[in-house]
Structure formats: C-alpha cells, structure tokens
Amino acid sequence: MRDPEFVKRAIEPVLEAEEAPSPEEMADAAAYSRFHFHRIFKSVMGETPGELRRRLLLERAAFSVSNGVASATEIAFEAGYESLEGFIRSFRRAFGVSPGAFRKSGLHWLLHAPNDVHFRPISDLVPGGKMDLLDRLLEHDLWLTRRLLECARNLDDARLDAPLATPSRPISFEPWQRSLRDLLDRIVFGKEVWVAALEHQGLPEERDKSVDGMLRRLEIAYPMFIGLARRVRDQEQWDLTFVDELCEPPETFTFGGMISHVVTFGTYRRGLAVEALKSLGIDELGYGDPIQWEREVRG
C-alpha cells in the first residue's frame with residue numbers, strides 16, 4: 001500500500017512541529033489506531049514511526065552542532081535525551097564521530113534513510129525560504145544518486161553489468177563506463193576522489209561496487225563534499241586555490257572550478273544512469289528533474 005495522502009498526514013507533523021511528535025501523536029494526526037498506523041507506516045516508509053522520529057531528532061541535533069547554535073547539553077535535551085552521555089553515544093553511533101569532532105569535520109547532518117524524509121532547517125520548509133542555487137544542485141545530486149542506487153537494488157548482476165547502448169567516457173583520462181554499474185560507481189567516485197585530494201588521503205585500491213557498497217560509499221563521501229562546498233560558498237573562497245597531489249604530476253585548481261567540474265560531470269552521468277535504468281524497465285525517476293525533487297522536498 002502506498003497512499004500519498006496517508007504519507008502526507010503521517011510525516012507533516014514530524015516535519016513541521018517545533019518538537020517531533022510521539023508515535024501516538026503521529027497516529028492521531030493520521031486518524032488511525034496506533035496499531036494500524038504503525039503497520040502501514042512501516043510498509044510505506046521502510047522504518048517505524050519511532051525510528052523516523054529518532055533519526056530526525058539526530059539530524060536536527062547534528063544541524064545544530066554543525067552551526068554552533070547551542071551547547072551540546074542544550075542540544076541533547078532538545079533531542080529528548082536525559083543525559084549528555086546518552087546523547088553522545090547515540091550521536092557517535094549515527095555519525096561515526098562525537099559532536100565535537102562532527103562540528104569540525106564538515107560532515108552533513110543527513111543520515112541514510114529508506115525514504116526521502118529528512119530534517120530540514122525551517123528556512124528550507126517555509127515557502128519562499130532561503131535555499132540558493134548551490135544548495136539546490138547539491139541536494140538534488142544527493143537525492144537523485146540515492147534514488148538511482150535504490151532502484152539498482154532491484155537489478156541482478158547480469159543487468160547491472162549489461163553493456164550500455166552507448167559507452168561513456170566524458171573525460172579522456174578516466175576508464176570507459178560500459179555498464180550501469182560502471183556509471184553508478186563513477187558518480188560516487190566523482191565525490192570520493194576530490195574528498196580524498198582535499199583531505200590528503202589515498203584512494204582505495206579496490207572499491208566496493210556492489211549496490212549496497214556504493215550506497216555506503218555515498219553516505220561517507222557525499223556529506224563531506226557537500227560540507228566542503230558550502231564552506232567555500234559561505235566563506236566566498238571560490239577563487240582560492242589548492243594543490244591536488246593525487247594528480248601525476250600534482251595540479252593546482254580553484255575551489256570554484258573544482259565544484260563546477262563535479263556538478264557538470266555529475267549531472268551528465270546521472271542523466272545517463274536514468275536512461276540506462278529506463279532501458280532496463282525502471283522508469284520511476286522520470287527525467288531525474290530538479291523540479292521533481294524540489295516539489296517533493298519543499299511541497
């Protein structure tokens with residue numbers, strides 16, 4: 001059962017309330033008994049109301065941590081924790097680092113979800129709220145890449161590795177993308193390589209190219225890249241240069257040029273992946289249009 005009106009009634013209280021409502025309050029708002037609400041909600045959303053609530057509270061907490069809007073203790077109590085220690089343990093399990101390390105890391109506050117429901121700052125939820133072009137490009141990129149990989153979960157290895165009608169290699173020094181798996185891997189790798197260069201890390205010799213492996217890689221690399229791009233914007237460092245030591249020989253780039261490069265080729269590859277999925281009978285993503293993303297996220 002996938003009832004859009006049910007989903008709308010169920011998640012609106014979570015997204016719009018100052019404090020995330022309890023599962024009982026969510027059931028009342030959706031006009032269902034708690035048992036019936038819980039069963040249908042899990043089948044539609046892929047997580048229970050309680051799991052959704054806890055995840056959104058942690059995402060909101062991570063947003064507050066990254067922006068320094070309150071002390072860790074205040075954030076812990078706002079997230080419903082009775083002690084700072086309990087909050088820190090949950091935060092570390094969810095994000096892999098303590099709140100203090102998270103604030104310095106540039107990681108994004110979004111956690112992996114079986115649906116596209118996430119905490120959004122108030123300015124992103126109110127009609128006319130401020131969300132600039134970079135925000136739209138980055139958030140649409142993350143949203144669509146997740147959707148592409150989630151759709152690819154329905155494919156067996158034979159279809160994932162089937163030759164594309166037109167192989168792709170938009171950049172001469174990279175390997176050919178001859179299958180949907182190659183395309184999806186390259187979409188994620190396009191963020192990983194720049195994160196590695198800027199964090200002075202080596203690239204892994206072997207990448208996990210299973211669909212679940214690429215989703216895990218996505219959830220590590222994309223938030224780091226998004227955090228980096230937003231810092232460049234906020235500090236107006238578009239023309240600041242850095243040296244990419246992964247290049248042979250090392251090369252110098254501007255942050256603005258690098259981000260434009262990632263956006264350009266990411267857009268191209270995602271379009272190819274959408275068409276590849278259509279050729280395999282999966283057309284639920286439409287055109288992969290940012291307008292579709294904006295309507296779903298912002299209403």
Side-chain angles (χ1 to χ4, degrees), residues 2 4 7 42-47 51-52 55 108 110-118 137-171 174-196 203-226 262-297:
R2 287 191 172 271
V7 174
K42 177 67 181 288
S43 70
V44 172
M45 302 297 290
E47 59 186 339
E51 289 168 341
L52 174 66
R55 178 171 58 77
H108 201 261
L110 296 184
L111 292 167
H112 175 63
N115 47 64
D116 289 313
V117 178
H118 291 280
L137 291 171
L138 295 173
E139 294 291 342
H140 171 255
D141 183 354
L142 177 60
W143 172 83
L144 183 54
T145 304
R146 277 200 186 111
R147 296 282 295 272
L148 288 166
L149 287 164
E150 286 163 0
C151 286
R153 276 178 161 164
N154 299 319
L155 301 174
D156 56 24
D157 287 341
R159 288 187 291 174
L160 276 170
D161 296 320
L164 296 172
T166 305
S168 172
R169 189 176 69 164
I171 304 174
E174 69 182 21
W176 283 93
Q177 290 107 65
R178 301 182 184 278
S179 66
L180 176 59
R181 192 193 303 274
D182 289 346
L183 271 177
L184 294 172
D185 169 63
R186 203 73 198 179
I187 290 169
V188 178
F189 183 73
K191 303 294 189 302
E192 289 176 321
V193 66
W194 290 107
V195 168
L203 289 169
E205 294 183 5
E206 296 292 334
R207 302 197 297 272
D208 188 344
K209 297 183 183 181
S210 68
V211 175
D212 285 341
M214 287 187 281
L215 274 164
R216 286 191 293 271
R217 289 165 51 200
L218 168 85
E219 298 303 336
I220 295 171
Y222 268 57
M224 293 181 72
F225 183 84
I226 288 172
V262 172
V263 169
T264 297
F265 289 102
T267 301
Y268 172 74
R269 293 189 180 102
R270 292 194 308 274
L272 292 179
V274 168
E275 292 305 310
L277 282 169
K278 284 182 183 178
S279 73
L280 294 169
I282 300 176
D283 58 3
E284 63 189 72
L285 297 181
Y287 305 111
D289 195 333
I291 293 174
Q292 177 190 356
W293 160 79
E294 188 177 54
R295 286 172 176 167
E296 287 191 21
V297 170

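Only a predicted model underlies this, so the values are computations on that prediction, with no experimental measurement involved. We number each residue from 1, following the sequence as shown. Values below: every heavy atom of this structure, side chains too, minus hydrogens, waters and symmetry copies.
Taking every heavy atom of both residues into account, Gly46 and Pro114 meet most closely at O-CG, 3.5 Å. Between Leu149 and Val211, the closest heavy-atom pair is O-CG1, 3.2 Å. Residues Leu164 and Gln177 come closest through the heavy atom pair CD1-O, 3.5 Å. Looking at every heavy atom in both residues, Ala152 comes nearest to Leu160 through CB-CD2, 4.0 Å. Residues Gly286 and Val274 come closest through the heavy atom pair O-CG1, 3.4 Å. For the residue pair Ser279 and Ala276, the shortest heavy atom distance occurs at OG-O, 2.6 Å.
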- Do Arg181 and Asp157 pass the side-chain contact (heavy atoms from CB on, under 4.5 Å) test, and can you show the C-alpha distance, the side-chain angles, and the key distance before you say yes or no? CA-CA 9 Å; Arg181 192 193 303 274; Asp157 287 341; 3.1 Å; yes
- Message: Let's go through His112 and Leu218 carefully: what are the C-alpha distance in whole Å and the side-chain angles of both, what is the deciding distance for side-chain contact (heavy atoms from CB on, under 4.5 Å) to 0.1 Å, and is it a yes or a no?
- Response: CA-CA 9 Å; His112 175 63; Leu218 168 85; over 6 Å; no
- Checking side-chain contact (heavy atoms from CB on, under 4.5 Å) for the pair Leu137/Asp141: CA distance, chi angles, key distance, verdict? CA-CA 6 Å; Leu137 291 171; Asp141 183 354; over 6 Å; no
- Query: Are Glu139 and Trp293 close enough, and set up right, to give a side-chain contact (heavy atoms from CB on, under 4.5 Å), and what steps lead you there?
  - Reply: CA-CA 9 Å; Glu139 294 291 342; Trp293 160 79; 3.4 Å; yes
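Rounded to the nearest 0.5 angstrom, Thr145 OG1 and Glu150 CD are separated by 10.5 Å. Note that the CZ atom of Arg178 and the CG atom of Asp161 stand 13.5 Å from one another [nearest 0.5 Å]. Residue Ile282 holds its CD1 atom at 5.5 Å from SG of Cys151, rounded to the nearest 0.5 Å. The line from CD of Glu47 to CZ of Arg55 is 4.0 Å long, rounded to the nearest 0.5 Å. Annotation: the span from Leu180 atom CG to Leu148 atom CG amounts to 8.0 Å, rounded to 0.5 Å. Put simply, CZ on Arg269 and OG1 on Thr264 are 10.5 Å apart, with the number rounded to the nearest 0.5 Å.
Within the 3.5 Å criterion, the main-chain N or O of Gly190 finds no donor-acceptor partner in the side chain of Glu192. Remark: side-chain polar atoms of His140 are paired, donor with acceptor, to backbone N or O of Gly288 under 3.5 angstrom. Arg270 places no side-chain N or O within 3.5 Å of a backbone atom of Ile187 that could act as its donor or acceptor partner.
Partners of Ser210 according to the side chain to side chain donor-acceptor pair (under 3.5 Å) rule, which considers only residues two or more places apart in sequence or in another chain, are Asp208. Not a single side chain to side chain donor-acceptor pair (under 3.5 Å) links Arg159 to another residue, sequence neighbours left out.
Using a cut-off of 4.0 Å between Lys/Arg side-chain N and Asp/Glu carboxylate O, Lys209 and Asp182 are scored as not salt-bridged.
Applying the salt bridge (charged side-chain N to carboxylate O under 4.0 Å, His left out) test to every pair with at least one member in residues 275-286, sequence neighbours left out, gives these pairs: Glu275-Lys278.
When side chains are defined from C-beta on, Ile220 does not count as touching Arg216, because their heavy atoms never get closer than 4.5 Å.
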